[in-house]
Amino acid sequence: MKAVTISSLRTNMKAYFDEVSETEDILIVPRNNNEDDAVVVISIKEYNALIETSHLMSTKANRKRLEHSMENLKKGDTKLFSLNEDSNLKA
């Protein structure tokens with residue numbers, strides 16, 4: 001995570017955006033010397049991951065399903081599945 005001033009962002013916007021895209025690091029831009037009035041710049045990959053996580057954790061049922069799946073994975077209780085095999089497709 002890196003914090004830069006708004007004037008530094010204006011001057012070096014392309015370089016900062018390139019860095020955020022390439023490293024998936026987070027860029028904080030404080031405004032008005034107020035920590036609560038800041039802007040965060042993140043890559044689209046990071047944004048999509050946050051949205052997906054938020055969706056997956058949005059309901060109790062989803063959380064329980066994920067917890068159960070993680071427990072099964074830790075126990076080695078998994079099943080091999082391939083989307084490329086015709087045997088998995090139902091007509």
Side-chain angles (χ1 to χ4, degrees):
M1 186 173 350
K2 179 188 276 188
V4 299
T5 64
I6 199 159
S7 52
S8 179
L9 178 64
R10 278 191 206 110
T11 304
N12 303 300
M13 190 175 293
K14 182 183 180 330
Y16 284 127
F17 286 2
D18 288 345
E19 183 179 346
V20 167
S21 291
E22 292 166 9
T23 65
E24 295 182 31
D25 201 4
I26 297 169
L27 186 66
I28 308 290
V29 185
R31 300 177 62 217
N32 304 320
N33 294 324
N34 182 350
E35 190 175 296
D36 293 331
D37 186 23
V39 175
V40 177
V41 179
I42 59 174
S43 71
I44 191 69
K45 284 183 184 178
E46 187 68 22
Y47 172 79
N48 287 337
L50 288 170
I51 295 301
E52 182 176 359
T53 301
S54 175
H55 172 73
L56 291 173
M57 301 301 284
S58 65
T59 66
K60 188 174 183 176
N62 277 356
R63 288 190 299 275
K64 283 187 174 260
R65 206 170 300 125
L66 286 170
E67 288 169 3
H68 180 70
S69 295
M70 290 187 312
E71 288 171 12
N72 286 346
L73 182 61
K74 286 178 185 175
K75 293 177 192 172
D77 183 14
T78 60
K79 296 177 185 170
L80 183 60
F81 180 79
S82 173
L83 294 176
N84 296 325
E85 294 180 19
D86 290 335
S87 62
N88 291 328
L89 299 175
K90 304 274 188 210

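Hydrogens, waters and symmetry mates are skipped; everything else that's a heavy atom, side chains included, is used.
- The side-chain hydrogen bond (donor to acceptor under 3.5 Å, both in side chains) check on N72 picks up H68, with sequence neighbours excluded.
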### Message
side-chain contact (heavy atoms from CB on, under 4.5 Å), that's the test. Do L9 and L27 meet it? Break it down for me.
### Response
CA-CA 10 Å; L9 178 64; L27 186 66; 4.0 Å; yes
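- Partners of D37 under the salt bridge (Lys or Arg N to Asp or Glu O under 4.0 Å) rule, at least two apart in sequence or in another chain, are R31.
- For I51, the side-chain contact (heavy atoms from CB on, under 4.5 Å) partners two or more places apart in sequence, or in a different chain, are Y47.
- The list of salt bridge (charged side-chain N to carboxylate O under 4.0 Å, His left out) pairs with a residue in residues 4-13, not counting sequence neighbours, is empty.
- Between L50 and I42, the closest side-chain pair of non-hydrogen atoms falls below 4.5 Å.
- Put simply, V20 and I6 are part of the same group of oily side chains (I, L, V, M, F, W, Y) that touch within less than 4.5 Å, one to the next.
- Taking the side-chain contact (heavy atoms from CB on, under 4.5 Å) definition, one finds that T23 meets it with E19, D25, sequence neighbours left out.
- With sequence neighbours left out, the side-chain hydrogen bond (donor to acceptor under 3.5 Å, both in side chains) criterion links S8 to Y16.
- Of all heavy-atom pairs spanning E24 and S43, the tightest one is CG-OG, 3.7 Å.
- With sequence neighbours excluded, no residue satisfies salt bridge (Lys or Arg N to Asp or Glu O under 4.0 Å) with K75.
- Under the salt bridge (Lys or Arg N to Asp or Glu O under 4.0 Å) criterion, K14 pairs with D18, sequence neighbours left out.
- Hydrophobic cluster membership differs between I44 and M13, with clusters built from Ile, Leu, Val, Met, Phe, Trp and Tyr side chains linked at under 4.5 angstrom.
- Residues passing the side-chain hydrogen bond (donor to acceptor under 3.5 Å, both in side chains) test with H55, sequence neighbours excluded: none.
- You'll find the side chain of V4 stays beyond 4.5 Å of the side chain of N12, heavy atoms only.
- Clustering of Ile, Leu, Val, Met, Phe, Trp and Tyr by side-chain heavy atoms under 4.5 Å joins M70 with none of the others.
- Remark: E46 engages no residue in a side-chain hydrogen bond (donor to acceptor under 3.5 Å, both in side chains) (not counting sequence neighbours).
- Under the rule for a side-chain contact (heavy atoms from CB on, under 4.5 Å), the partners of L66 that lie at least two apart in sequence or sit in another chain are L56, M57.
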